[in-house]
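These notes are about the structure you will find just below.
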Amino acid sequence: MDSQIWRTGMCFWVCLFGFLSFIHCVSSEGEGIGGGSTEGLVRIDGKEPIGKIDEDFVCATLDWWPPEKCDYGTCSWGKASLLNLDLSNTILSNAIKAFSPLKLRLGGTLQDKVIYDTEDNKEPCPVPFVKNTTAMFGFNKGCLPMKRWDELNSFFLRTGAKIIFGLNALPGRTLQSDGSATGAWDFTNAESFIRYTVKHNYSIAGWELGNELCGRGVGTAVAASQYVNDTASLHNIVQNVYKGVGPKPLILSPGGFFDAPWFKELADKTTTSLDAVTHHIYNLGPGVDQHLIEKILDPAYLDGIANTFSSLRNILKTSATSASAWVGEAGGAYNSGHHLVTDAFVFSFWYLDQLGMSASYDTKTYCRQTLIGGNYGLLNTTTFVPNPDYYSALLWHRLMGRNVLSTRFAGPKKIRAYTHCAKQSKGIVVLLINLHNTTIVQAKVAFNSTWSLRHRHKYHKSHRSHMLKKHHSGLRSSTERVRGDTEREEYHLTPKDGNIQSQTMLLNGNALNVDSSGNIPTLEPIFVNSSQPIIVAPFSIVFVHIPYVVPPACR
């Protein structure tokens, strides 16, 4: 290619994408010290899906941690607990409403120390969790007053949230000197709480048993054989209490770190009592780790978690259970994360890669730790203002459909690529993540099958209604402008000032900020001619909706 033509083409893109002003018009190719530009090919097999996610795949957590929860000398939780969260905050409400719906998992470490203060509760019920360095998890037992449960459910109803509630699984057990917890689960208090919930017509999508008590456990551990029995007990309670009420909530367990033998025994023996097997992910290590960014930018490190997804998928496929796999809690870096890493732009590399990878292994739901709280919240703990990952989650939720397509990227190793059928319209959506700090990638899309891009579908009335629905949900509609079938929609995410530790994310060059009324900004694409390659800037993320490509897997 003539170097002058190449320069002109690149400068055109720089002008078009003003937000990529840090890209230089250079003629070098490859990934040398000077960066430059290189080509890549996204190979997609569109014949059939390799996985299928829930419609509300994106999930976030709300935790119990009080303000006194501190890690490494930093107290990052503030008033983000289920017991003290400001449910009247406008940004919080709008942030949840924007998903329509957002699945929320209520739980965390202290859930196994929560007493439900129902009418027949006989145990003293202190509302706050009081710090106690000699107690398990560093806190005494806490209490959920039914008044607060009423307030929470009123809030969930207003915002349209879909609730998964994590139950206390420790009552009735005896803590042994070897760290195990023996004995059957005493479900008396939990059953009373479930009955209260049903009596008041509160909508619960799922009941989850316990938090991080599987395998070696965190704090203490319960044997898989006992957990099988306890899960069956929860199933029986739900069937009984919800008799004549539909639809019945899901039964989920064990809500802990993956341990293959333990999970296999659970799956093999809960053939009819379990709907979802939930596991937790903190694969980056402790929040105090000074090498978190290096890990996030290392493709080999990111790939390390694939074995967990693959192993759990294989266990479920080869067992008699009909349960599906969920990520019930994932904060990346445990002990509350790391400020200006897990709450900054750079963490969207890890987060979106997790969403893409887990979906490709047939994970149905992925719950991010947290919606708010700690240094890994989607929202700022103090101001409630969205952190960059909130917008990454919202774009995923609105764009990525249920069917997952096999995707391979031929080109730089630091490009991560995932493809789904489009969610609210025709076509496919490709997600590209560039972990390289200097190299521009010009990517083209090809299908690795007998089906090719010759199969294009022109817009028609039913598609127009899909696009109008998308516009109503906050995305700009293709029908707002005259267009043929030769354009695609692109959403380029970059950090403010090119700083990956920035807490401000740019969409197509514009900062994403709530307005003075606390409204979540609209997420509008740019329109690009299909003859142009997809330009993936250094340290950037691109969602590409290609509406005129409808492979068999998406029909």
Side-chain angles (χ1 to χ4, degrees), residues 13-24 31 35-37 95 284 287 289-299 301-302 331-333 337-356 368 375-381 383-396 399 412 414-418 430-441 443 490-514 520-526 534-544:
W13 282 104
V14 171
C15 294
L16 180 60
F17 305 141
F19 59 93
L20 304 182
S21 58
F22 56 89
I23 297 178
H24 298 290
E31 291 192 74
S37 176
L284 297 174
D289 191 339
Q290 297 302 308
H291 301 284
L292 292 176
I293 292 179
E294 294 174 32
K295 293 178 179 179
I296 292 168
L297 298 179
D298 181 357
Y301 194 93
L302 295 178
H338 190 119
H339 182 46
L340 296 184
V341 178
T342 56
D343 55 3
F345 178 88
V346 67
F347 208 51
S348 278
F349 293 149
W350 175 86
Y351 181 39
L352 287 172
D353 189 66
Q354 281 277 300
L355 296 182
R368 167 62 180 265
N375 286 317
Y376 37 36
L378 297 179
L379 308 178
N380 181 281
T381 302
T383 66
F384 294 81
V385 168
N387 286 320
D389 279 4
Y390 172 83
Y391 297 109
S392 295
L394 188 56
L395 271 174
W396 173 289
L399 294 173
K414 287 203 169 188
I415 291 287
R416 315 287 285 182
Y418 300 98
V430 181
L431 168 62
L432 297 172
I433 303 169
N434 189 352
L435 303 175
H436 201 283
N437 64 342
T438 57
T439 300
I440 306 163
V441 176
E490 296 185 354
Y491 304 79
H492 292 251
L493 301 176
T494 54
K496 184 180 180 181
D497 300 325
N499 175 17
I500 59 174
Q501 290 187 262
S502 172
Q503 291 186 285
T504 299
M505 176 178 271
L506 308 184
L507 171 59
N508 299 328
N510 300 310
L512 291 170
N513 296 308
V514 297
I520 303 300
T522 57
L523 306 179
E524 298 185 352
I526 55 173
I534 301 166
I535 303 298
V536 191
F539 279 162
S540 75
I541 297 161
V542 186
F543 286 91
V544 185

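This structure is a prediction, so every number in the text was calculated from the model and none was measured.
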Legend entry - Asp343 to Pro388 - nearest heavy-atom pair and separation: O-CD, 3.7 Å

Inset, instruction - Flag yes if more than 12 heavy atoms outside Lys295 fall under 6.0 Å of its NZ atom; otherwise flag no. - result: yes

Inset, instruction - Classify the side-chain pair Asp389/Ser348 by whether it contains a donor and acceptor separated by less than 3.5 Å. - result: yes

Legend entry - Donor-acceptor contact below 3.5 Å, side chain Asn434 vs main chain Ile415: no

Legend entry - Nearest-0.5 Å distance that lies between atom CZ in Phe345 and atom CG in Leu506: 8.0 Å

Inset, instruction - Just say parallel, tilted or perpendicular for the rings of Phe539 and Phe349, cut-offs at 30° and 60°. - result: tilted

Inset, instruction - Would you check if there is a donor-acceptor pair between the side chains of Asp353 and Tyr418 at a distance under 3.5 Å? - result: yes

Legend entry - Partners meeting side-chain hydrogen bond (donor to acceptor under 3.5 Å, both in side chains) with Glu294 (sequence neighbours left out): His291

Inset, instruction - Determine the minimum heavy-atom distance between Val346 and Ile296, stating which atoms define it. - result: O-CG2, 3.6 Å

Legend entry - Inter-residue atom distance Thr504.OG1 - Asp497.CG, 0.5 Å rounding: 8.5 Å

Inset, instruction - Can you sort out the partners of Asn499 under side-chain hydrogen bond (donor to acceptor under 3.5 Å, both in side chains), two or more places apart, ordered by chain and number? - result: none

Inset, instruction - Check the pair Asn387 / Leu379 against side-chain contact (heavy atoms from CB on, under 4.5 Å), numbers first and verdict last. - result: CA-CA 5 Å; Asn387 286 320; Leu379 308 178; 5.8 Å; no

Inset, instruction - For the pair His492 and Thr494, evaluate side-chain hydrogen bond (donor to acceptor under 3.5 Å, both in side chains) and give the outcome as yes or no after the intermediate values. - result: CA-CA 6 Å; His492 292 251; Thr494 54; over 6 Å; no

